[in-house]
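Below is one structure, written out as structure tokens; the observations come after it.
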Amino acid sequence: MKNKIEKLLLQAVATLKTDGVLSHGADPTINIDRTRDPQHGDFASNLALVLAKQAQLNPRVLAEKLIAALPVDPTVTKIELAGPGFINFFIDKSSQFQIIPQILADGPAFGLSKIGAGQKVQVEFVSANPTGPLHVGHGRGAAYGSVVADLLEAVGFDVHREYYVNDAGRQIDILATSIWLRYLEACGEALPFPSNGYRGDYVRDIAWQTHHTGGNDYRRPAEQVLENLPLDEPQGGDKELYIDALIARAKTLLGPTLYRDFFAIGLDAILDDIKDDLHDFGVDYQEWFSERQLMDDGSVEEALGRLRASGHLYERDGAIWFASSQLGDEKDRVVVRENGQYTYFASDIAYHHHKLARGFDLIIDIWGADHHGYIPRVRAAMQALGADDNKLKVLLVQFATLYRGDEKVQMSTRSGEFITLRQLRNEVGKDAARFFYVMRRSEQHMDFDLKLATSKSNENPVFYVQYAHARVCSVLRQLDEKNWERNPNLGLDNLAMLTETHESDLMTTLSRYTETLQKAALNYEPHQVIQYLRELATEFHTYYNAHQFLVDDAKLRNARLNLICAVKQVLANGLHLLSVDTPESM
RNA sequence: GCGCCCGUAGCUCAGCUGGAUAGAGCGCAGCCCUCCGGAGGCUGAGGUCAGAGGUUCGAAUCCUCUCGGGCGCGCCA
């Protein structure tokens, strides 16, 4: 309908151009909004207000000319000039019924569109360091990222979901060494645990498991491990130097092969855990992309070579720097450290180089808000690689604060007292967790109330929406119990009987679904889908309360059943998009 | 100090590519069950859109400044 009105307006603009009222030139963007007030009709355009200045006419005068130039269309019953120059369109009431057969025919495919067809998009999200289980901070990125990806797919984009695995850095060495020390403990060696090591129980679990299945292959005497080490922090030393010395010791004592094996055991254990966790959270990827692979196959060297060739690298203080400040960054960044090792940023340049080489039309990175300072240097790198950095879209996700009722849930990564995503799922369930995470704009700091998320009451929006779905199912069961058979065709023939305000409101809302998905997808705003579903659920509950569906008149009954089945379908499609279940009873 | 995000009803938040009287849920005050699930619905009170300037026919929305809150400013990832 919107498209139709847009066409009509464009024709009117063309006419006015020929008449010399409007100057020739690019067509204006036609803005058509649904009205809030029914007195303003169904749709309104501010076109005359926008063009008034260019035409050097009073907006209302221009609007009159536009209206006069509008072609006649049978579905537009009335066009009005209103307010400062709005053009209001009134749509033929009977045309609104069409939405019902359309929904019933399209079923699960209703709402899908093709506006992104032919475009390849990569969405990279979560990408947490595989040094421990995911926590609730990652949960929001996971929920948000997966719905953004699903939304883009729903509107026709070819979507590639990816998790970047930071399996090459020093943190992973610290993890491997931490597991090794716990393993040595399990073997019966007595040694102190480094203050900078990973202390979580999962480290011990992996170590014990490794000892249990792998025996003593990796065992070395404590005296050898501890021989000539610098002091750890509690003893007045430096914890960084100490842990680095321990890593070096592990490599020496185990030798390259065994060290690599042990390293892989730890990494795989944690990665498998993350994969399971995300899968159970409704998040699946097309690709888990390894940072180490970039190191090993020369991609990092190649990417840096390009930067060097284009004159973006220089040496200072024994390190290699990328002159990112020339390209909008605050300062230059080190890519190769004094000790010859690549920085994380170096592999990230290679990673983005790789993304570009894969030919994506759009590259979406979803990061925690704490990484925002990183954006300019990545953009700088893309430019330096000769790419259009407009292809990169970085979406930031703010942190969520957990509450249990009024009580704030304390968390501290330092002491290891963080709530894991798995704990969250166990407490509130996948559905509520996803729904709550995505309910707010991603750039908004959010308060996540665990108590509310588990409550089975009208205050809980997840249950409220799911309940609307279950309620339709319940009505259909009632139909069965009354030994009535649903007759969709009879209903379709009598849609004109749906004359109640509640009914036409519902049909209007149903007809907004497709455009809601498009808007949500193109703006990367999944919360709009939730807003919509809550609205639809409310209107359904209101309708339910006001009118009886299972009436004796078979024509009216089937017309109403068609309407509520359409509601059920759209609720299901929306919830499915969010990877939230659609229970038939609760 | 510099940069990014945020500040809308008592609370949690929509609305932000400028548009017609600023919305929802919760909470609060009333009300509705011989009726398909009351896990629901209806009505009402409640706002200087943090503040001050500016741009505009029109600003919660755009620009500047101020005040508050969060985050970031490593040869860490």
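Each chain gets a letter, A, B and so on, in the order its sequence line appears, and its residues count up from 1.
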Partner residues of [X] under the salt bridge (Lys or Arg N to Asp or Glu O under 4.0 Å) criterion, sequence neighbours left out:
X: R60(A); result: none
X: E338(A); result: none
X: R440(A); result: none
X: D273(A); result: R422(A)

For [X], which residues count as a side-chain contact (heavy atoms from CB on, under 4.5 Å) partner, sequence neighbours excluded?
X: V50(A); value: N46(A)
X: Q548(A); value: V551(A)
X: Y464(A); value: A537(A), T538(A), H541(A)

In B/S/- notation (B base, S sugar-phosphate only, - none; protein heavy atoms under 4.0 Å), nucleotides 55-60 of chain B written 5' to 3' is --B---

**OP:** For the side chain of N166(A), starting at C-beta, report the closest nucleotide among G15(B), A77(B), A20(B).
**Re:**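 The answer is A77(B), which lies nearest to the side chain.
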
Sorted by number, the residues of residues 440-453 of chain A with heavy-atom contact under 4.0 Å to RNA chain B
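Heavy-atom contacts with RNA chain B come from R440(A), R441(A), E443(A), Q444(A), H445(A), M446(A), D447(A).
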
* Asked: With both distances kept under 3.5 Å, what pairs with G46(B), Watson-Crick or G-U wobble?
  ->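 In the structure as shown, G46(B) has no Watson-Crick or wobble partner.
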
| said: Within the 3.5 Å criterion, strictly below it, is a donor on Q171(A) or T131(A) matched to an acceptor on the partner's side chain? | reply: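 Judged by distance alone, the side chains do not pair up.
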
